[in-house]
Amino acid sequence: MKSIVVLISGSGSNLQAIIDACAAGFIAGRISAVISNKAGVFGLQRALEADIPTVVLDHKTFPDRQSYDAALLQSIDSFQPDLVVLAGFMRILTPEFVGHYQGRLLNIHPSLLPKYQGLHTHQRALDAGDTQHGCSVHFVTAELDGGPVVLQAKVPIFTGDDATIIAERVHEQEHQIYPLVVRWFCQGRLQQQADKALLDGQILSDHGYADDDDHDNS
């Protein structure tokens, strides 16, 4: 059973998807801790209801990003994780932090990377007149939302949609693909090699396996 630490900043809907997948035996791992940079968020309640230890490490109590990340790293390592999962953790991480967890740090981003790195992705897709949008699970590197993509899921954008509707559509897909990628990692099937993601020893494309109908998602 792999040890997983999940970092959150908000409601924790992706956290819940991973909690449920672990409880169902879909993921061969256990969440050892949930750490939030904000107190009182609903994701902490989700963790408590699942009997998962929680830590609140408020970034506002630290003088700079480096000192916060150093404290965060120490807190994470106290749980001896095999994998660190960013699930709506709204912090830009220092290169030192990212380097410490290279190859075992995952994030999910609400766009079809490399499009729309950063914030407000749904509105940006609307403003650009896109007909499809989506989400991407990727390994984290020092480049913001720039690490190698593992898996993507696409959703349509229809005439009359607004950013809220698109966000709901994207969230549904996030809750499907994030537990799947965590499953692969805990099975020992997924690795990061430099700027590439490998599944079963094969280099994944920049768009993961989302368009490969022959791929077995078991």
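Residues satisfying the salt bridge (Lys or Arg N to Asp or Glu O under 4.0 Å) test with Arg169, not counting sequence neighbours, are Asp161. Applying the ring-ring contact (aromatic ring centres under 6.0 Å, His included) criterion to His109, with sequence neighbours excluded, gives no partner residue. Under the ring-ring contact (aromatic ring centres under 6.0 Å, His included) criterion, Phe62 pairs with Tyr68, not counting sequence neighbours. When the salt bridge (Lys or Arg N to Asp or Glu O under 4.0 Å) test is applied to Asp195, no partner is found at least two apart in sequence or on another chain. Residues that satisfy the side chain to side chain donor-acceptor pair (under 3.5 Å) test with Glu49, not counting sequence neighbours, are Gln45. Taking the side-chain contact (heavy atoms from CB on, under 4.5 Å) definition, one finds that Glu168 meets it with Thr164, sequence neighbours left out. Judged as a side-chain contact (heavy atoms from CB on, under 4.5 Å), and not counting sequence neighbours, the contacts of His100 are Leu73, Asp77, Arg104. With sequence neighbours excluded, the residues satisfying side chain to side chain donor-acceptor pair (under 3.5 Å) with Arg46 are Gln16. Annotation: salt bridge (Lys or Arg N to Asp or Glu O under 4.0 Å) contacts of Lys115 (sequence neighbours excluded): Asp130.
Atom CD1 of Ile31 is separated from atom CD1 of Ile18 by 6.0 Å, given to the nearest 0.5 angstrom.
Among pairs with a residue in residues 120-154, those fulfilling ring-ring contact (aromatic ring centres under 6.0 Å, His included) read His122-His133, at least two apart in sequence or across chains.
Counting heavy atoms from C-beta on, the side chains of Thr141 and Pro148 come closer than 4.5 Å. Between Ile27 and Ile4 the shortest side-chain heavy-atom distance falls below 4.5 Å.
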Identify every side-chain donor-acceptor pair in residues 86-94 under 3.5 Å, counting partners at least two apart or on other chains, and give the distances.
residue: Thr94; atom: OG1; partner: Asp69; partner atom: OD2; Å: 2.9
residue: Thr94; atom: OG1; partner: Phe97; partner atom: N; Å: 3.3

Donor-acceptor pairs under 3.5 angstrom involving side-chain atoms of residues 37-44: please list them, not counting sequence neighbours.
residue: Asn37; atom: OD1; partner: Ser9; partner atom: OG; Å: 2.5
residue: Asn37; atom: ND2; partner: His59; partner atom: ND1; Å: 3.0

